[in-house]
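One structure is given below, encoded as structure tokens.
Excluded from the calculations below are hydrogen atoms, water molecules and symmetry mates; all remaining heavy atoms, backbone and side chain alike, are included. Just so it is clear, the structure is predicted and the values come from calculations on it, not from any experiment. Throughout, protein chains are lettered first and strands after them, A, B, ... in sequence-line order, and every chain is numbered starting at 1.
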Amino acid sequence: MVKQAEVNKINLNAIEKKWQKEWEKGKIFQVSEDSKKEKFYCLEMFPYPSSYGLHMGHALNYTIGDIQARFKRMSGFNVLHPMGYDAFGLPAENAAIKAGEHPKDYTLKSMANFVSQQKSLGLSYDWNRMLKTCDPEYYRWNQFFFLKFFEANLAYRKKAAVNWCPKCKTVLANEQVHSGKCWRHEDTDVEIKQLEQWFIKTTDYIEELLKFIENLQWPERIKLMQENWIGKSFGTEINFIINGKKWPIFTTRPDTIYGVTFMVVSAQHPRLMDLVTEGQKKEVQKFLDKIKSVSEKEIEQLEKEGVFTGSYAENPLTNEKVPVYTGNFVIAEYGSGMVMAVPAHDQRDFEFAKKYKIPIKVVIMPSGKKIDAKTMKEAFVDEGILVNSEKFSKLESKKAIDEIANHLESKKLGKKTVNYKMRDWLISRQRYWGTPIPIIYCDKCGIIPVSEKDLPILLPEKVKFGKGNPLATNEDFVNTKCPKCNGKARRETDTMDTFFDSSWYFLRYCDSKNNKEPFDKKKVSYWMPVNQYVGGAEHACMHLIYARFFTKALRDLQFLTFDEPFTKLFNQGMLLGKDGNKMSKSLGNVVNPTDIIEKYGADTLRLYLVSVASPDKDFSWSDEGIDGSFRFVNKVITYFKSVKSGKSTEKIVSKFNKAVKEITEDIDNFRYNLAVIKLREFFEVLGNEESLGVLEGFLKMLSLFCPHIAEEFWHKLGNKTFISLEKWPVADEKKINETFEKQEQQVDSLIGDIRNIINIIKEKQNKEAKKIYLYVLPKEFDIYSESLESIKISLNLEVKIFAVNDKQKYDPQNKSGKAKPGKPAIYIE
RNA sequence: GCGGGGGUGCCGGAGUGGUCAAACGGGCUGGACUUAAGAUCCAGUAGCUUAGUGCUUACACAGGUUCGAAUCCUGUCCCCCGCACCA
């Protein structure tokens, strides 16, 4: 295999380079708006250009997208297929610190490497539109949108309990915290800090974000993930009275209100201190210090802890007074940051009550069983019948939820409400390599937005890394004048989360060179929304939510006229190493696309990546598998070197049209693996001479997967155009003749039968078969006669065929009587 | 815990009520070609049986629906992924 690879290496790589150059020279993938043509916007998630270069997952992602783009282009669409780089971000900055290199240099180098690797894959991008987010011509529009959001009250600053990653040395958005750990550092607990930060009001659009999910043609799984992330829950807000003041709390279980024995307020609650009595101040402070220094422990092991605030809350229905605790398990940002605790019917409250010896009161009985507060080992959280609940006793708990809520509402003691898990998007980052937030702080005038005409606020190159926020080390940057009073002022030194950059890059592609505005509205309204987005599932609750938010916000700011950015989404599966593990350097199972391209060619790699399994499923790399694809590519090359164009048989024409029909459907539905199989099967039946239409049609279909060799042989067949811009073949269904298939099957099974008998007589009777006699029904005589040659060839024996009613037939053992329709009788000697 | 997706031959993986011992690829075995190897081509690849047949066992396991199930239903086991102290 290796030897063969060597032989064809020069050949393939030379062909590939040649056509990549031709495509570039001919600018054939560059597009512009054309009102006469239907557009198709095909987009793959743009990469973060790391210095490691393209990995196999990228190659898979782009191949999947490219096949679709090529298909749509050939099908007559005006296809926008752009590429760019998510060039800001922490890894570059960290690498810079490590290597003593500037993040900019690091990023530009990495990016150049990415571009050349992507080009070597034969991807049909309109490179003319390429964008990089670290370019001031790009990020100035981040700043521009930030200012628009600020004006519209969609960007705001507030002090809040935020997530801090000690390794990244910056705060993170909620979306970037996974199970209490930093998304970039799986071993690092995120700390909760009280900081003043910039937020984007994504929650303003929360209902729309949720509601519009159902119309998206996205994988169900992603839609569900977004739904869960948004986390809408219906409940009741109940007003408890503490120290004479109303403190509303949110609950989904108003049916348990008679079981409240204490309250818990979040340790991060901004008004916590209002509740703490003089006598308890010391205790509470001690507790707060403790949980601050501990950071967010291993979630599963985290014990519920708290301390009494000294205050009591009055239950609005019972007027009972219960103690108010502050606790580490209540989230400040959800609901009202305080909960009513019902230890009998909530596991967390139960544990807390046990720990601090707070009474437990059962108010819901399971049917058929009795539970007792004294002997309970865990909370009873299921449905049951209410007890000890005054006039609501004996109600089913499910009904009681509604009835108690209604009762509270009518007495103005509470109201039905909804709550969401999703919070506003924290975009401040205390790091250098990102878009500066265009804000100035003036002691006199406060928070002043930079004026639009002063954009971009350039990211200064001269900064010191290592101590705190690098941007703060550049005095020239930090010190400025207040635009309002002209007095001394300071610039915001936080930069934007890079997800801000990626939230609208698909809009910029529509008009990536515009230096007057972020994009021309007309151009955007021609190309958008993205018809087909291709990328990994890991962005379900980050990029894909932010981008949807951005689209809606920009729509309301009159920049856009549509609601959703990505009509269809396709998630590719994960490409694992050959050992079945995620490819990683430490496991030594990484396969590098560039190495494979050098050895087998890009066409082989592209073909392989989509032929193993359905592209949305995970699959493992296989060295034998790539060999198999390589063999096919070589067979195609060998075939086209010698094939003559002439006439194809009706059978081939039938098979061709069937292949076209099925492959077209498969590609349309991302069943690339099945399309490849059908293409291979069709290739297998081609003869030494075929009609130009068939040969060209085959090459066109092949060109999605193997564009280079397809282009090469397209030209060898005498064409001067690019196959990449040719018309996709259309199946002529009238020419599909299923009887050919049937006949073929009959002949195949006949050959199988003959072989079987030959083997049997060889083994049982030790006889070599010499001559085969076939007896067929008269009306089938022609069918089998036509196939006689191919039967002879495949058996390599003399074969004679008779109709059963032929009086002259040679039939010494009188086998002809066994003939059945579709099953000729056989005699062998 | 909640939610989602899966478990098919030696392997990767199609197939989601009959035409299935199951596409296609890979591996392996045998044969052809060749001085030889590679490549290529052909055949075989659950078991037994047989002049082309028939039977048995098979699509995680156990039941069920059906004339008929890898495919539908129920239960069990296992694997993967996402979310996770959200009140």
Aromatic plane relationship, A/His543 with A/His539 - under 30° parallel, 30 to 60° tilted, over 60° perpendicular: perpendicular
Parallel, tilted or perpendicular, as decided by the 30° and 60° cut-offs, for the rings of A/Phe380 and A/His345: perpendicular
Among the nucleotides B/rG27, B/rA87, B/rC41, which one has an atom lying closest to any side-chain atom of A/Arg631? B/rG27
Between atom [atom1] in [X] and atom [atom2] in [N], what is the gap in whole Å?
X	N	atom1	atom2	result
A/Ile331	B/rA84	CD1	C1'	10 Å
A/Arg253	B/rA87	CZ	C1'	11 Å
A/Phe682	B/rC24	CZ	C1'	17 Å
A/Glu624	B/rC28	CD	C1'	12 Å

Kindly give the heavy-atom pair with the smallest separation between A/Pro812 and A/Tyr827, and that separation in Å. CG-CE2, 3.4 Å
Across the strands shown, which category fits A/Val330 at heavy-atom distances under 4.0 angstrom: base, sugar-phosphate, nothing? base
May I ask you to say what A/Thr251 touches in the nucleic acid, namely base, sugar-phosphate or nothing, with a heavy-atom cut-off under 4.0 Å? sugar-phosphate
Treat primed atoms plus P, OP1 and OP2 as sugar-phosphate and everything else as base, then score nucleotides 2-23 of chain B 5' to 3': B for base contact with protein heavy atoms under 4.0 Å, S for sugar-phosphate contact only, - for none. -SS-------SSS--------B
Without placing hydrogens or testing angles, list every side-chain donor-acceptor pair under 3.5 Å for residues 673-688 of chain A, not counting sequence neighbours.
unit_1: A/Lys678; atom_1: NZ; unit_2: A/Asp666; atom_2: OD2; d: 2.9

Give me, pair by pair, the N or O atoms of the protein and of nucleotides 50-54 of chain B that are less than 3.5 Å apart, along with how far apart they are.
unit_1: B/rU50; atom_1: OP2; unit_2: A/Lys764; atom_2: NZ; d: 2.7
unit_1: B/rA51; atom_1: N6; unit_2: A/Ile828; atom_2: O; d: 3.2
unit_1: B/rA51; atom_1: N1; unit_2: A/Ile828; atom_2: N; d: 2.9
unit_1: B/rG52; atom_1: O2'; unit_2: A/Asp753; atom_2: OD1; d: 2.1
unit_1: B/rG52; atom_1: O2'; unit_2: A/Asp753; atom_2: OD2; d: 3.3
unit_1: B/rG52; atom_1: N1; unit_2: A/Pro824; atom_2: O; d: 2.8
unit_1: B/rG52; atom_1: N2; unit_2: A/Pro824; atom_2: O; d: 2.6
unit_1: B/rG52; atom_1: N3; unit_2: A/Asp753; atom_2: OD2; d: 3.4
unit_1: B/rU53; atom_1: OP1; unit_2: A/Lys823; atom_2: NZ; d: 3.1

Separation between CG (A/Asn571) and CG (A/Asp616), nearest 0.5 Å, reads 8.5 Å
What does the 5'-to-3' dot-bracket notation of RNA chain B look like when only Watson-Crick and G-U wobble pairs under 3.5 Å count, and pairs to other strands show as |? ((((((((.[[[..)..(.....]]]((((((.......))))))(((.....)))...[[[[[..)....]]]]])))))))....
Please confirm whether the shortest side-chain N or O distance from A/Ser629 to OP1 or OP2 of B/rG25 is below 4.0 Å. no
Check for me whether the distance between the ring centres of A/Phe670 and A/Tyr672 falls short of 6.0 Å. yes
Which side-chain N or O atoms in residues 261-270 of chain A pair as donor and acceptor under 3.5 Å with protein atoms at least two apart or in another chain?
unit_1: A/Thr261; atom_1: OG1; unit_2: A/Pro359; atom_2: O; d: 2.9
unit_1: A/Ser266; atom_1: OG; unit_2: A/Gln268; atom_2: N; d: 3.0
unit_1: A/Ser266; atom_1: OG; unit_2: A/Val330; atom_2: O; d: 2.9
unit_1: A/Ser266; atom_1: OG; unit_2: A/Ala332; atom_2: N; d: 3.3
unit_1: A/His269; atom_1: ND1; unit_2: A/Arg271; atom_2: N; d: 2.9
unit_1: A/His269; atom_1: NE2; unit_2: A/Ser336; atom_2: O; d: 3.1

Listed by chain and number, what are the ring pair (Phe, Tyr, Trp, His ring centres under 6.0 Å) partners of A/Phe705, not counting sequence neighbours? none
Check A/Arg253 with A/Asp346, please: is the shortest side-chain N to carboxylate O separation under 4.0 Å? no
